[in-house]
Peer 1: 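Take a look at this one; I'll ask things after.
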There are 2 protein chains.
Amino acid sequence: MRADAKENRARVLTVARELFAERGLEVPMAAIARRAGVGVATLYRRFPTKESLVAEAFTEQFAVCQAFIDEALKDPDPWRGFCTVIEKVCRLQACDRGFTAAFTASFPDLHTEVRDRTWQDFGALVRRAKDSGQLRADFSPHDLTLVLIANGGLSSLPVEIATAASQRLVAYLLESFRAGTDVLPPPVPVSLDLVLG
Amino acid sequence: MRADAKENRARVLTVARELFAERGLEVPMAAIARRAGVGVATLYRRFPTKESLVAEAFTEQFAVCQAFIDEALKDPDPWRGFCTVIEKVCRLQACDRGFTAAFTASFPDLHTEVRDRTWQDFGALVRRAKDSGQLRADFSPHDLTLVLIANGGLSSLPVEIATAASQRLVAYLLESFRAGTDVLPPPVPVSLDLVLG
DNA sequence: TGGTAAGTGGAGACCCCCGTCCGCTTGGCG
DNA sequence: CGCCAAGCGGACGGGGGTCTCCACTTACCA
């Protein structure tokens, strides 16, 4: 690949990440091309479809999430590890309007291995936190999906507000995840694949 | 207004409510017209803009929410009244894909009086529940907006799943709204007007 | 029953978006 | 330095959305 082409590709990716975060996935390809200082054709040569651009733009974010979990599994305090993961992921999500959509839109086809591993590791995290007696026994890993979808709604707010709102929401939720007594409705096996268009 | 015209208008409204609930506000005007058995022009004669149709289609829902609050204020148990309102509104929201969008999209211009009154009444409900010692003192009425936005994200799921998921989410949240001890991040003065495009 | 204004529907103007095509430009090797 | 394939950008096709225009139909009153 020629040097200038490589540089263009990188700039497109950077710009795409910025715009997706600012305005969500519905930002037009033409806008990305313009801000990156290239033509539309260039953009489409490197990323044959908008979906592929989205997938590539967010693989980094997914890796970051996985890293959060890896780190949390090493935390000597299982409950703190559990909380930290949820707090960090939700903060990421609140700051990035495209995050949620990319999570649900580009996951099904691509990244399934990554997702499976993440899911498995999160399961371990949950198990550990339950065994320590600090996470309520009827917490379901599917509740993470619940939290992600709920928290994702906040990203339609302006960034500073979304961040603060997310913090408060997460604080509320974590409080009710702590081991207690109340009976909940049964866990919902929500899968991200279920999110419709 | 001629009799047939009146009937057509009513049918359009019914169909619009159905489709908005099923598929969200992004359903095309042409689809509504087709299902209502009228032409597009007829639809636009009665509702000069899509926004006006949305506003009209959801005024009933807003009235229903207000009714929930009115009823709750009469409940001898303030905490039960508070919980019931949140549960009912969230169930409504989970079943209706257009609800959240209409809430944020059509509210700013129209319905401001209704909204103000609803807001005031909810404030009274909150006050009552706090005075009874069952609602945590640092609960902010703005937290209702938080709940609505969060819960609104669930409506992108298929209806049955969304309903169950919403129930569980609300159960978690209500549990943490109950008077306790933990310190939260400060309340976020979220306004529905802040929701961007 | 007949006139007329209100009502109607479908074609199409206009806009925005995704993705492609094609003639021009340019990096970098021999 | 010269060549040429790799790279480029803008125009354009296709589809789908909102809303308008206009010739035709129909309810309803006298």
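A, B, ... follow the sequence lines: proteins, then strands. Residue 1 opens every chain. None of these values were measured; they are calculated from a predicted model. The figures that follow rest on heavy atoms only: side chains count, while hydrogens, waters and symmetry mates do not.
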Peer 1: In whole angstrom, give the distance that lies between atom NZ of A:K6 and atom C1' of C:dG27.
Peer 2: 13 Å

Peer 1: Parallel, tilted or perpendicular: which describes the rings of A:H142 and A:W119, with under 30° parallel and over 60° perpendicular?
Peer 2: tilted

Peer 1: Counting only side-chain heavy atoms from C-beta out, which of C:dC18, D:dC8, D:dG17 sits nearest to A:A5?
Peer 2: D:dC8

Peer 1: Taking CZ from A:F47 and P from C:dC18, how many angstroms apart are they, rounded to a whole number?
Peer 2: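 Between P of C:dC18 and CZ of A:F47: 15 Å.
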
Peer 1: Of all the nucleotides listed (D:dG9, C:dG7, D:dT20), which has the minimum atom distance to the side chain of A:R45?
Peer 2: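 Of the candidates, D:dG9 comes closest.
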
Peer 1: Nearest to the side chain of A:M1 - C:dG28, D:dG7, D:dT18?
Peer 2: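 Closest nucleotide among those given: D:dG7.
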
Peer 1: Is A:N8 close enough to D:dC8 that one of its side-chain N or O atoms is under 4.0 Å from OP1 or OP2 there?
Peer 2: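 For D:dC8, OP1/OP2 do have a side-chain N/O of A:N8 under 4.0 Å.
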
Peer 1: Quick check on DNA chain D: between B:A30 and A:A41, whose nearest nucleotide comes earlier from the 5' end?
Peer 2: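 Result of the comparison: A:A41.
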
Peer 1: Side-chain N or O of A:T42 less than 4.0 angstrom from OP1 or OP2 on D:dG7?
Peer 2: no

Peer 1: Calculate the interatomic distance between B:E26 atom CD and C:dC17 atom C1'; express it in whole Å.
Peer 2: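 Rounded to the whole Å, the gap is 16 Å.
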
Peer 1: Is a side-chain donor or acceptor of A:R11 paired with a backbone partner of A:A36 at a separation under 3.5 angstrom?
Peer 2: yes

Peer 1: Using whole Å, report how far OH of A:Y44 lies from C1' of D:dG13.
Peer 2: 13 Å

Peer 1: Would you call the rings of A:F177 and B:Y172 parallel, tilted or perpendicular if under 30° counts as parallel and over 60° as perpendicular?
Peer 2: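 Taking B:Y172 first and then A:F177, their aromatic rings stand perpendicular (interplane angle over 60°).
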
Peer 1: Rounded to whole Å, please give me the gap between CG in B:L43 and P in D:dG17.
Peer 2: 14 Å

Peer 1: Is there a side-chain contact between A:R2 and the phosphate of D:dC8, meaning an N or O under 4.0 Å from OP1 or OP2?
Peer 2: no

Peer 1: Can A:R80 and A:E87 be counted as an ion pair, charged N to O under 4.0 angstrom?
Peer 2: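 A:E87 and A:R80: not salt-bridged.
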
Peer 1: Under 4.0 Å, heavy atoms only, any strand: does B:A33 hit a base, just the sugar-phosphate, or nothing?
Peer 2: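 Touches nothing.
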
Peer 1: Atom CZ of A:R34 and atom P of C:dC18: how far apart are they, to the nearest Å?
Peer 2: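 It works out to 12 Å between those atoms.
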
Peer 1: Can you measure B:M29 atom CE to C:dC15 atom C1' for me and round it to whole angstrom units?
Peer 2: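 Rounded to whole Å, this separation is 17 Å.
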
Peer 1: Among B:R97, B:R35, B:R17, exactly one meets salt bridge (charged side-chain N to carboxylate O under 4.0 Å, His left out) together with B:E22. Which residue is that?
Peer 2: B:R35

Peer 1: Counting only side-chain nitrogens and oxygens, does A:R46 get under 4.0 Å of the OP1 or OP2 atom of D:dA6?
Peer 2: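 No, no such contact exists.
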
Peer 1: Which whole-number value in Å describes the distance from A:K50 NZ to C:dC17 C1'?
Peer 2: 8 Å

Peer 1: Taking for each residue the nucleotide of DNA chain D bearing the nearest heavy atom, is the 5' side occupied by B:D4 or by B:V27?
Peer 2: B:V27

Peer 1: Establish, with yes or no, whether the OP1 or OP2 oxygen of C:dC18 is under 4.0 angstrom from a side-chain nitrogen or oxygen of A:T49.
Peer 2: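 Negative; the distance criterion is not met.
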
